[in-house]
Amino acid sequence: MDAITIEPGRSNSVRLEPVPEPGPEQGPIVVESIATGVCGTDAEIVAGEYGEAPEGEGRLVLGHESLGRVVDPGPYGGFEVGDLVVGVVRRPDPVPCRSCAVGESDMCRNGRFTERGIKGRHGFMAERWGIEPEHAVRVSPALGALGVLMEPASVVAKAWEQVDRVGDRAFWEPRTVLVTGTGPIGLLAALIGCQRGLDVVVLGRHDTGPKADLVTGLGARLVFDIDELDDDPDVVVEATGAGTVIAGALDRVAPGGVVCLTGLGGDGHRPRSTLAELATQLVLDNTVVVGSVNANRRHFVKAHDVLCAADQDWLAGLITRRMSPTEAVDALREGGDDVKAVVDWT
Ligand code: BGC
């Protein structure tokens, strides 16, 4: 079978090539791929800046945003041929640390976790992949092909859960949220904000095009500068990773508010305040800045509910490009400005 693979640490080593069928180390359930999403992490891996092959192997099968159909449910029950499933990305570290031991490998304490298609485990950009029942999440047929958005939605569901848990440290009735960034993470964070009935403002860069349309399609307000905000937001979900945007968000978050960082990046620009000034402000405002990465099974289940409750036409609009595996190899080399590009294995 064919898979999209890379050599970790070497830029532009991406190619479509024959690989062995998934072995038992991937899990007893065999799944045929329907679609695999492409995200910024994949671009970093393709550029040779991130990623790790399984121990003793030279290449890594890419892909962590999965959707497939069960072709062999394995011996343990729970799944049937034809079921739509998505794979959880992270696996517990081998120690395991206390978080991994209780099923919260998204909170791994020792960094020795592995991740499908990212770190030490083959991913889902293959015609077929294996999965363990405990890491397979069923997708309702009603959601269908849009189930490929489950993984990014799980990351956002986790971020919102972090916001809720931090918020609950004291009286907490948020009304306004600022989402910075109009990629899939930002747009899905805005979706959840709207589903919760919050006033949602999204910081973007362009007033036309699919990203702008998706923001306004939600009924959220699109701004291009944090200074355009009328009120200080109770919640900020930061999804750009850009230093100036983060500094701006920290400046503007309301006292008692929560800033949840989900973006990985950094633009090297000088922040607006010195770190010490910023820290003083955070202390005086009781502001929490919470980092958030990855998601556990619980978040995938939440993500499924969020996606099922969303306007399906709006969700479909997030997928701005469908590519054959061959086209995907070129697209991965070149990058692009899609909201969400997916590899279509059907
Ligand atoms: C994935 C996460 C992963 C993170 C770091 C993100 O793109 O969605 O599942 O933990 O990259 O590897």
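Atoms within each ligand, like the ligands themselves, are counted from 1 in listed order.
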More than 12 heavy atoms from other groups under 6.0 Å of CZ on Arg196: yes
Per-atom contacts, ligand 1 versus His64 - under 4.0 Å to a heavy atom: 1 (C), 7 (O), 8 (O)
Is Asp305 salt-bridged to Lys302, going by a charged N under 4.0 Å from an acidic O? no
N/O donor-acceptor pairs under 3.5 Å from side chains in residues 24-31, not counting sequence neighbours:
from	atom 1	to	atom 2	distance (Å)
Gln26	OE1	Arg116	NH2	3.1
Gln26	OE1	Gly130	N	2.8

Between Leu318 and Leu146, is the side-chain contact (heavy atoms from CB on, under 4.5 Å) condition met? List the steps. CA-CA 9 Å; Leu318 288 176; Leu146 298 175; over 6 Å; no
Derivation of the salt bridge (Lys or Arg N to Asp or Glu O under 4.0 Å) call for Arg221 and Asp230: CA-CA 11 Å; Arg221 179 175 162 219; Asp230 301 324; 3.5 Å; yes
Counting each atom of ligand 1 from 1 as listed, which ones have a heavy atom of Arg90 under 4.0 Å away? 10 (O)
Cluster check Val156, Ile319: I/L/V/M/F/W/Y, side chain < 4.5 angstrom: yes
Counting each atom of ligand 1 from 1 as listed, which ones have a heavy atom of Cys39 under 4.0 Å away? 7 (O)
Give every residue pair that meets the salt bridge (Lys or Arg N to Asp or Glu O under 4.0 Å) criterion with at least one member in residues 83-96, sequence neighbours excluded. Asp83-Arg138, Arg90-Glu115, Arg91-Glu132
Show me which atoms of ligand 1 lie under 4.0 Å from any heavy atom of Val155. 8 (O)
Which residue and heavy atom of the protein sit nearest atom 10 (O) of ligand 1, plus the separation: Glu115 OE2, 2.5 Å
Starting from atom 8 (O) of ligand 1, locate the nearest protein heavy atom and write down its residue, its atom name and how far away it is, to 0.1 Å. Glu151 OE2, 2.8 Å
Under 4.0 Å, heavy-atom basis, I'd like to know which part of Ile118 is in contact with ligand 1: side chain, backbone, both or neither. side chain
Looking only at protein heavy atoms, what sits closest to atom 7 (O) of ligand 1 is Thr41 OG1, 2.5 Å
For ligand 1, note which part of Glu65 has a heavy atom under 4.0 Å away: side chain, backbone, both or neither. neither
